[in-house]
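First up is the structure itself, then whatever we jot down about it.
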Number of protein chains: 2
Amino acid sequence: MLEPRWLSAEQQRIWRAYLNGVARINERLEVGLRPFGLDLGEYEILVHLSESEGHALRMSDLAESVRQSRSRLTHTISRMEVKNLVQRTACPSDRRGVIARLTDHGYRLLVQAAPAHVESVRCAFVDRVDPDDFEALGRAMEAVTRVTD
Amino acid sequence: MLEPRWLSAEQQRIWRAYLNGVARINERLEVGLRPFGLDLGEYEILVHLSESEGHALRMSDLAESVRQSRSRLTHTISRMEVKNLVQRTACPSDRRGVIARLTDHGYRLLVQAAPAHVESVRCAFVDRVDPDDFEALGRAMEAVTRVTD
DNA sequence: CCAATAAAGTTTACGGTTCAACAACTTTGG
DNA sequence: CCAAAGTTGTTGAACCGTAAACTTTATTGG
């Protein structure tokens, strides 16, 4: 068994600041979306659909782009279908596939919620942080996401 | 209604990198703790108890330090009590209070899990990021957490 | 001193997420 | 061409978190 490589005091401080910060940001964004009857997961689904051709995506592509499991997406989309935000269609090219499409109502809700949400993002995060630090954070997170598995 | 202050393309890129990065980090940490039968929430409870006098804390203090609602903490601690990681005692100075204390078994599990967890934190996050960017990220997250409500 | 208010913790019900199993279809390679 | 393996999406059950109501005890201010 190798000797554990502990974090330095400084690294630990930053790690804990990260945990606290992420929690705070999330909390504020959820609160900001509540008046629209949405949570962050649903909001992201609306965004990714709205940015796709025909406001539609295959379930598995959508699942990947919003980082939800296929199962979770199935449940979430079912609920959103009940709320008439989204509609399911068979995929023409692959008979296993299902396509989720934004309804007009879903699109209008997104258009309505987006300004408030962006304001939340600014006010909880972007506007609080020094621009240089914000850019560094971006580089850091890109490094985290970069595939090196 | 004020004109919405949209994010610049650059800000949006960073914001999305942040969302992806946080998700990845979380995922990897959860996977790393699974072999010990713990999730991140339980792990943090163990850590905060282990750093307190007598390996014990009042429920409400613990709730605040791990950023869980009192209700959630009640549920989590109940489960951990069943697993014999933690024990509940009445608070001597305030009869409303309840004190959660680490059991020997809970402490030993933490000691056992900690090296693997720290390794996860390094390998999912710290070691992937340029040290200057990591420090900047710390400043950013401290700014996010700073009370300015 | 006491009534009103606040704080601590739990409980319950509900809703969302996870996990494993499954059905339907597609791809692969022998 | 076809059997085996892989993908896609769903299902149902178990599990976990949330929110509101509630109990018990402290605190406050009139």
Side-chain angles (χ1 to χ4, degrees), chain A residues 22-24 26-46 48-49 56-83 85-101, chain B residues 22-23 26-35 37-45 48-49 52 56-83 85-101:
Chain A
V22 169
R24 286 290 273 274
N26 240 318
E27 206 178 293
R28 287 177 176 139
L29 296 191
E30 293 287 0
V31 169
L33 285 172
R34 200 166 326 233
F36 301 95
L38 293 170
D39 63 21
L40 215 68
E42 295 171 316
Y43 182 84
E44 285 202 86
I45 288 172
L46 295 180
H48 282 268
L49 288 177
L57 274 177
R58 272 193 74 163
M59 291 292 281
S60 56
D61 296 335
L62 180 54
E64 186 168 9
S65 64
V66 300
R67 304 172 308 277
Q68 293 190 15
S69 68
R70 290 203 310 282
S71 174
R72 176 177 171 187
L73 185 66
T74 293
H75 290 298
T76 308
I77 289 288
S78 297
R79 272 176 270 128
M80 293 174 78
E81 213 172 10
V82 171
K83 293 199 267 180
L85 300 176
V86 137
Q87 208 174 348
R88 263 187 273 223
T89 324
C91 174
S93 62
D94 182 340
R95 294 202 295 176
R96 294 168 303 181
V98 170
I99 288 175
R101 187 185 317 279
Chain B
V22 168
N26 241 318
E27 205 177 293
R28 287 177 176 140
L29 296 190
E30 294 286 2
V31 169
L33 285 173
R34 198 163 330 227
L38 292 171
D39 63 21
L40 215 70
E42 294 171 318
Y43 182 83
E44 284 202 88
I45 289 172
H48 282 269
L49 288 177
S52 301
L57 275 176
R58 274 192 71 161
M59 291 292 281
S60 53
D61 295 336
L62 181 54
E64 185 168 9
S65 64
V66 299
R67 305 170 309 277
Q68 293 189 15
S69 68
R70 290 203 309 284
S71 173
R72 177 177 171 188
L73 186 66
T74 294
H75 290 300
T76 308
I77 289 289
S78 297
R79 272 176 269 129
M80 293 175 77
E81 214 173 9
V82 171
K83 293 199 266 180
L85 300 176
V86 136
Q87 209 175 347
R88 264 188 272 224
T89 323
C91 174
S93 62
D94 181 340
R95 294 203 293 176
R96 295 169 303 182
V98 170
I99 288 175
R101 187 184 318 278

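Just so you know, these numbers use all the heavy atoms, side chains as well, and skip hydrogens, waters and symmetry mates. Here is how names work: the chains are called A, B, and so on, in the same order as the sequence lines, proteins then strands, and each is numbered from 1.
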Starting at CD of B:Glu30 and ending at P of D:dG17, how long is that distance when rounded to a whole Å?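 So the two atoms are 10 Å apart, to the nearest Å.
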
Can you measure B:Met59 atom CE to D:dT23 atom P for me and round it to whole angstrom units?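 One finds 20 Å between P of D:dT23 and CE of B:Met59, rounded.
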
May I ask you to evaluate whether [X] reaches the phosphate of [N], defined as a side-chain N or O under 4.0 Å from OP1 or OP2?
X: B:Arg88; N: C:dT10; value: yes
X: A:Arg72; N: D:dT10; value: no
X: B:Arg96; N: D:dT24; value: no
X: A:Arg79; N: C:dG16; value: yes
X: B:Ser60; N: C:dG9; value: yes
X: B:Ser71; N: D:dG17; value: no
X: B:Arg70; N: C:dT10; value: no

If an axis is fit to five pairs at each end of the helix from C:dC1-D:dG30 to C:dG30-D:dC1, what is the angle between the two, to the nearest 10°? 30°

Side-chain donor/acceptor of B:Lys83 to backbone N/O of B:Ser78, under 3.5 Å: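 Not confirmed, B:Lys83 side chain does not pair with B:Ser78 backbone.
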
Looking for any heavy atom pair under 4.0 Å, which part of the strands does B:Ser78 touch: base, sugar-phosphate only, or nothing?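 No contact.
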
Using only modelled atom types and a 3.5 angstrom limit, is any donor from either the side chain of A:His75 or the base of D:dG12 paired with an acceptor on the other?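 Counting by modelled atom types and ignoring angles, a donor-acceptor contact under 3.5 Å is found here.
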
